[in-house]
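Because only heavy atoms are used, hydrogens play no part in the values below, and waters and symmetry mates are left out as well, while side chains stay in. A, B, ... follow the sequence lines: proteins, then strands. Residue 1 opens every chain.
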Amino acid sequence: MIDLKLLRERPDEVRASQRARGADPAAVDAVLAADERRRIAVGRADTLRSEQRQLGKKIGRASGEERAALLEHGKELAAQVKAAESEQAEADQALVDTHRALPNLIIEGVPAGGEDDYVVLDHVGTPPEFDFEVRDHLDLLERLGALDMERGAKVSGARFYFLTGVGARLQLALLTMAMNRAVAAGFTMVIPPVLVKPEVMEGTGFLGAHASEVYRLRDDDLFLVGTSEVPLAGYHAGEILDLSGGPRRYAGWSTCFRREAGSYGKDTRGIIRVHQFDKIEMFSYCRPEDVQDEHQRLLNWERDMLAAVEVPYRVIDTAAGDLGASAARKYDCEGWVPSQSRYRELTSTSNCTTFQARRLNIRYRDEDGRNRTAATLNGTLATTRWIVAIVENHQRADGSVVVPEALRPLLGLDVLKPA
RNA sequence: GGAGGAUUCGCCUAGUGGCCUAGGGCGCACGCUUGGAAAGCGUGUUGGGUGUUACAGCCCUCGCGGGUUCGAAUCCCGCAUCCUCCGCCA
């Protein structure tokens with residue numbers, strides 16, 4: 001949720017943000033109207049309750065006829081209070097509904113427009129030239145005995161797979177390297193629950209436009225997370241943090257589940273787009289004034305990881321219309337995929353400013369002892385999809401794959417060879 | 001899955017329909033005192049809403065949601081969490 005005070009004071013900025021996202025600027029006015037209605041309702045109910053309490057005191061002391069008259073008045077007042085409270089409750093709900101529906105205010109400089117309106121900020125590395133026919137990751141991994149899609153489909157359906165042998169070992173090495181780096185940078189390692197309650201899923205903003213992406217267990221009223229961002233954001237929900245020592249940083253290791261509804265026919269080969277994968281996710285809680293610097297730091301840690309696996313990549317500043325509801329700005333690092341001759345998303349780091357924390361009621365105490373809403377950010381350090389870029393970029397004519405230097409000690413192999 | 005118990009301001013605790021519109025202790029903060037400190041004394045110390053230039057004021061908050069009542073921490077109903085016991089179980 002956007003800060004209501006900001007919304008009242010600078011509605012034009014929020015309307016402009018809505019336009020940049022391709023969303024309706026009138027949503028702003030709906031919130032303002034609901035806010036006005038609520039404040040009037042609260043004022044009325046407060047006044048009536050105050051009268052009722054005064055009267056209650058009198059009745060306690062009164063006796064005889066006076067008491068009977070007061071009791072009569074008390075009944076009237078009770079009815080009025082009840083009516084005023086129900087109006088207050090309705091007005092509250094109406095405000096919450098319109099307020100929650102409004103996506104985060106974008107940061108100045110974020111490109112306007114949709115999916116294709118991103119701005120490329122940087123290119124790192126050069127796509128490799130091959131003097132042989134390039135194999136795609138599925139071909140390579142199957143030859144290596146690293147991936148079994150057919151049995152994945154047999155056991156669980158389309159977009160499921162088994163990582164086997166060196167495939168499983170490669171993923172473990174990759175995620176371990178990511179986690180080791182995170183821990184070295186001061187992150188607290190976390191293995192979170194991957195089933196969460198509705199209020200946590202809702203609080204992180206995933207039940208809005210992307211609700212159909214989320215697996216839901218109706219019998220138990222739980223959701224499977226699509227990223228450990230969800231439990232890591234919920235981790236400090238309702239708390240008041242001490243951020244005087246700088247940002248609180250967590251690195252989550254978890255399996256992620258996505259329904260991939262509406263992506264029929266896209267990326268059906270291999271493990272680029274799957275229902276279940278593993279990920280190391282950075283999550284940071286910080287003061288709002290530090291949030292843009294922190295976003296750059298998360299981006300830099302992602303870039304360090306990409307450098308370590310020796311994959312060429314570019315960095316894009318995602319356009320407003322392609323941001324999630326919670327994000328105010330998002331940078332993606334896209335790795336080169338030789339078989340497709342294009343860049344594909346490998347990391348994504350979002351600055352959620354205070355939007356997510358306000359929904360989840362995460363605060364911190366500032367220097368003056370005031371409780372203020374914290375800011376949250378998240379970013380990817382490694383995922384199963386990275387295996388695609390690693391094996392394709394490091395393949396050789398015979399179908400073997402050279403293991404990037406940094407992964408060798410963790411994997412215990414220099415080259416992956418077909419069986 | 002079943003039975004019982006618990007949930008009050010950071011911690012401990014008082015509390016059985018109107019002197020609780022929540023008291024006390026610990027801790028913490030500030031002040032007085034002191035050469036300095038301890039002790040002592042005094043003041044403050046949940047979170048939120050509304051309101052104000054800022055205060056003040058007012059309202060809500062005793063795990064959560066309903067109900068009874070002029071009035072609920074207190075009575076009634078439902079739920080959650082934790083603990084104990086029984087059953088089942090990788």
Side-chain angles (χ1 to χ4, degrees), chain A residues 1-10 31-100 155 191-203 217-223 231 234-245 248 255 285 287-288 354-374:
Chain A
M1 290 184 277
I2 293 182
D3 183 7
L4 269 181
K5 216 165 101 193
L6 184 154
L7 200 71
R8 282 180 209 134
E9 287 165 5
R10 286 143 46 199
V31 182
L32 289 173
D35 177 47
E36 183 68 21
R37 176 187 165 197
R38 188 192 81 99
R39 282 150 79 197
I40 290 167
V42 166
R44 283 213 184 106
D46 277 1
T47 306
L48 283 168
R49 270 190 295 256
S50 183
E51 277 179 47
Q52 188 181 41
R53 293 178 63 166
Q54 300 298 328
L55 184 71
K57 262 192 213 171
K58 269 197 220 163
I59 292 174
R61 290 191 297 258
S63 58
E65 266 181 51
E66 192 195 358
R67 188 183 169 95
L70 290 175
L71 280 176
E72 197 54 38
H73 184 212
K75 276 189 189 174
E76 278 170 38
L77 208 50
Q80 286 178 43
V81 167
K82 200 169 179 180
E85 284 184 339
S86 93
E87 161 60 13
Q88 184 186 340
E90 267 179 50
D92 265 332
Q93 193 55 51
L95 175 61
V96 168
D97 289 347
T98 50
H99 193 191
R100 276 189 185 276
V155 170
I191 297 178
V194 294
L195 285 168
V196 300
K197 296 180 181 182
E199 61 264 33
V200 175
M201 191 54 88
E202 160 65 30
L217 281 73
R218 286 176 201 279
D219 285 347
D220 299 283
D221 207 15
L222 289 169
F223 293 91
Y235 189 64
H236 284 308
E239 298 182 19
I240 297 171
L241 304 174
D242 179 5
L243 294 177
S244 60
R248 297 275 288 258
T255 301
Y285 296 87
R287 302 184 305 174
T354 57
F355 184 90
Q356 204 174 52
R358 188 166 289 106
R359 287 174 162 228
L360 290 167
N361 191 25
I362 301 163
R363 292 166 293 169
Y364 72 100
R365 218 178 292 280
D366 69 12
E367 293 76 10
D368 304 325
R370 279 187 214 278
N371 295 325
R372 295 175 56 201
T373 302

Does any donor-acceptor pair link the side chain of Arg39(A) with the base of U50(B) at a separation under 3.5 Å?
no
Any N/O pairs under 3.5 Å between the protein and nucleotides 79-81 of chain B? List them or say none.
none

Candidates G48(B), G49(B), C59(B) - which lies nearest the side chain of Ser50(A):
C59(B)
Base contacts versus sugar-phosphate-only contacts with protein, heavy atoms under 4.0 Å: please encode nucleotides 64-72 of chain B as B, S and - from 5' to 3'.
------BS-
Quick check: any donor-acceptor pair below 3.5 Å linking the side-chain of Asn371(A) to the base of G47(B)?
no
Residues that Arg358(A) engages under side chain to side chain donor-acceptor pair (under 3.5 Å), provided they are two or more places apart:
Thr354(A)
Flag side-chain contact, heavy atom, 4.5 Å: Leu55(A) against Glu51(A):
no
Check every strand shown and say whether Arg53(A) touches a base, only sugar-phosphate, or nothing at a heavy-atom separation below 4.0 Å.
base
Test of understanding: with side chain to side chain contact (heavy atoms under 4.5 Å, CB included), list the residues that count as partners of Thr255(A), not counting sequence neighbours.
Phe257(A), Gln276(A), Asp278(A)
Looking at residues at least two apart in the chain, or sitting in another chain, which of them share a side chain to side chain donor-acceptor pair (under 3.5 Å) with Gln52(A)?
none
Show me, pair by pair, the donor-acceptor contacts under 3.5 angstrom made by side chains of residues 194-203 of chain A, not counting sequence neighbours?
unit_1, atom_1, unit_2, atom_2, d
Glu202(A), OE2, Arg100(A), NH1, 3.1

What pairs meet the salt bridge (Lys or Arg N to Asp or Glu O under 4.0 Å) rule with one or both residues in residues 68-83 of chain A, with sequence neighbours excluded?
none
Pairs: protein N or O with nucleotides 26-28 of chain B N or O, under 3.5 Å:
none

Looking at residues at least two apart in the chain, or sitting in another chain, which of them share a side chain to side chain donor-acceptor pair (under 3.5 Å) with Gln93(A)?
Asp97(A)
For Arg44(A), report the nucleic acid contact type (base, sugar-phosphate, nothing); a contact means any heavy atom under 4.0 Å.
nothing
Which residues pass the side chain to side chain donor-acceptor pair (under 3.5 Å) test with Asp366(A), sequence neighbours left out?
none
For residues 37-46 of chain A, please give each side-chain donor-acceptor pair under 3.5 Å, one per line with the distance, not counting sequence neighbours.
unit_1, atom_1, unit_2, atom_2, d
Arg37(A), NE, Glu87(A), OE2, 3.2
Arg37(A), NH2, Glu87(A), OE1, 3.3
Arg38(A), NH1, Asp92(A), OD1, 3.4
Arg39(A), NH1, Asp35(A), OD2, 3.2
Asp46(A), OD1, Arg49(A), NH2, 2.8

How would you list, by chain and number, every residue that makes a ring-ring contact (aromatic ring centres under 6.0 Å, His included) with His99(A), sequence neighbours excluded?
none
I need the CD1-C1' distance between Ile40(A) and C59(B), as an integer number of Å.
17 Å
